[in-house]
2 protein chains.
Amino acid sequence: MRISTRSRYGMRLMLALGINENKKPVFLKDIAQSEGISEKYLSQIVIPLKARGVISSFRGAHGGYLLGKPASQIRLRDIIEPLEGDFCLVDCVKSSDICDKWEECATRDIWNEMSSLLLNYMDEFTLEDLIKKHRFKH
Amino acid sequence: MRISTRSRYGMRLMLALGINENKKPVFLKDIAQSEGISEKYLSQIVIPLKARGVISSFRGAHGGYLLGKPASQIRLRDIIEPLEGDFCLVDCVKSSDICDKWEECATRDIWNEMSSLLLNYMDEFTLEDLIKKHRFKH
DNA sequence: TTATATACTACTTAATTGATAGATTAAATT
DNA sequence: AATTTAATCTATCAATTAAGTAGTATATAA
């Protein structure tokens, strides 16, 4: 069970935008190059993040990307969820129509609790925390 | 990011073996039928669980399967890990040769911590706990 | 109006998932 | 000893998903 590269690249992208001291928008080309990621692939990843509001963009010459809101208001969940699709370990956590043993199933509780562990973490941890972690390492 | 059906089926299989009051081995056929899972598919899932020691088997007529050890000594990790492969959200959590920014990468810490949350849960929670949960519901 | 960079759409390739099918082996029963 | 039973082994397959490419359209600054 692995996180998709979309989420991993997306996280690195958001960190790159977050540590951008400049108020000038950053070119995707530059992030792609410095992170060693395909620019075309990154340009697809950006879309759902923009839809979620954590990224804002500017088209045309001198365009680029900025954080859509302060890093302290961006939860990891806001980054991972749009890229990973709705985040739960099994489908029956979300809807009960899939399985006729939904009510009585003890194993569902397990997957449910494990999903919650991750969701809680992603809700509490913000991009600002990630940036601090990064600065501490550098 | 979903748990594979292998793990889900494996968990239900282990619970079925766990609530088997009889000391007689259980036929895979019967579990497959009552759980609505392909017997052939289940027979593949059983192999890595047996290798891990959480299942013991008996061939031939009146054969079948039993728990390999007391349910209290079977951690969820012993069920999920053999079926899911080594359990971590990104490869760079395990080995550092994949990425040349291993040391300095702050995002890796995120995936690392999320992986640990799940592993800790799976280490603490046992099949016995799952069985209790099941009995409570029935 | 030209250069630049984002936005959109379609396609491709490889890997993984979730099975199915059939032959083989071991043990108990007849 | 022959037969039945059920686990074990090996191979294959179809569908889906993941990961990435390619090309066009659009908006904006100079």
Side-chain angles (χ1 to χ4, degrees), chain A residues 1-13 16-17 20 22 24-52 55-68 80 82-87 89-91 98, chain B residues 1-13 16-17 20 24-33 35-52 55-68 80 82-87 89-91 98:
Chain A
M1 200 186 62
R2 296 279 136 77
I3 280 278
S4 69
T5 55
R6 283 168 59 89
S7 294
R8 294 195 290 113
Y9 291 172
M11 192 64 74
R12 285 158 66 187
L13 167 72
L17 292 181
N20 169 40
N22 259 325
K24 280 184 183 173
V26 189
F27 302 144
L28 212 56
K29 181 174 44 175
D30 293 341
I31 296 183
Q33 193 166 26
S34 67
E35 292 290 332
I37 300 173
S38 150
E39 182 190 350
K40 282 291 186 186
Y41 194 33
L42 255 192
S43 77
Q44 289 176 22
I45 289 173
V46 146
I47 307 295
L49 292 173
K50 216 193 133 185
R52 183 80 166 214
I55 277 183
S56 64
S57 65
F58 303 90
R59 300 181 69 162
H62 296 86
Y65 296 93
L66 288 175
L67 289 187
I80 297 173
L83 297 175
E84 205 71 24
D86 58 321
F87 195 88
L89 297 185
V90 291
D91 288 318
I98 299 167
Chain B
M1 201 187 61
R2 295 287 187 284
I3 280 278
S4 69
T5 54
R6 282 167 60 88
S7 293
R8 293 195 291 113
Y9 291 172
M11 192 65 74
R12 285 158 66 188
L13 167 71
L17 292 182
N20 169 39
K24 280 185 185 175
V26 190
F27 302 142
L28 213 55
K29 182 175 45 174
D30 293 340
I31 296 183
Q33 192 166 26
E35 292 289 333
I37 301 173
S38 151
E39 183 190 349
K40 282 291 186 186
Y41 194 33
L42 256 193
S43 75
Q44 289 175 21
I45 290 173
V46 146
I47 306 297
L49 292 174
K50 216 194 134 184
R52 183 81 165 213
I55 278 183
S56 64
S57 65
F58 303 90
R59 301 183 68 163
H62 295 87
Y65 295 93
L66 287 176
L67 290 187
I80 297 173
L83 296 175
E84 204 71 25
D86 58 321
F87 194 88
L89 298 184
V90 292
D91 287 320
I98 299 167

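So you know, we letter chains A, B, ... as the sequences are listed, proteins then strands, and number each from 1.
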On DNA chain D, nearest-nucleotide positions of G60(A) versus S38(A): which is more 5'?
-> S38(A)
Passing candidate, side chain to side chain contact (heavy atoms under 4.5 Å, CB included) with R12(A), options I45(A), I37(A), I31(A) = I37(A)
Phosphate OP1/OP2 of dA19(C) contacted by Y9(B) side-chain N/O (<4.0 Å) | yes
For I47(B) and F27(B), take the nucleotide of DNA chain D holding the closest heavy atom to each; which residue's nucleotide lies nearer the 5' end?
-> F27(B)
Contact under 4.0 Å: Y41(B) side-chain N or O vs dA21(C) OP1/OP2 = no
Tell me: CG of D30(B) to C1' of dA6(D), nearest whole Å?
-> 11 Å
Over how many whole Å does the gap from K24(A) atom NZ to dT28(D) atom C1' extend?
-> 16 Å
So does Q44(B) reach the base of dT8(D) with its side chain, donor to acceptor, closer than 3.5 Å?
-> no
Between K50(A) and I47(A), is a side chain to side chain contact (heavy atoms under 4.5 Å, CB included) present by the stated rule, with each step listed?
-> CA-CA 5 Å; K50(A) 216 193 133 185; I47(A) 307 295; 5.8 Å; no
Heavy atoms, side chains only, cut-off 4.5 Å: are D91(B) and R2(A) in contact?
-> yes
Grab the CG-C1' distance between L28(B) and dA7(D) for me, whole Å please.
-> 8 Å
In whole angstroms, how far is the C1' atom of dT17(C) from the CE atom of M1(B)?
-> 16 Å
Can you tell me how far P of dG18(C) sits from CG of L83(B), to the nearest Å?
-> 12 Å
Presence of T5(A) side-chain N/O under 4.0 Å of dA18(D) phosphate oxygens OP1/OP2 = no
Is any side-chain N or O of K40(B) closer than 4.0 Å to OP1 or OP2 of dT8(D)?
-> no
D86(A) atom CG is separated from dT17(D) atom P, nearest whole Å, by 12 Å
Rounded to the Å, how far apart are I55(A) CD1 and dA7(C) P?
-> 9 Å
Starting from the 5' end of DNA chain C, give me the residue, R6(B) or R59(A), whose nearest nucleotide shows up first.
-> R59(A)
Respond yes when some side-chain nitrogen or oxygen of S57(A) is under 4.0 Å from OP1 or OP2 of dA7(C), and no when none is.
-> yes
So does E39(A) have more than 12 non-hydrogen atoms from other groups sitting under 6.0 Å from CD?
-> yes
Distance, rounded to the nearest Å, where I31(A) contributes CD1 and dT6(C) contributes C1' = 13 Å
Candidate pair L13(A) and I55(A), rule side chain to side chain contact (heavy atoms under 4.5 Å, CB included), full reasoning | CA-CA 10 Å; L13(A) 167 72; I55(A) 277 183; 4.0 Å; yes
Short side-chain N/O contact to dC8(C) OP1/OP2 from S43(A), under 4.0 Å | no
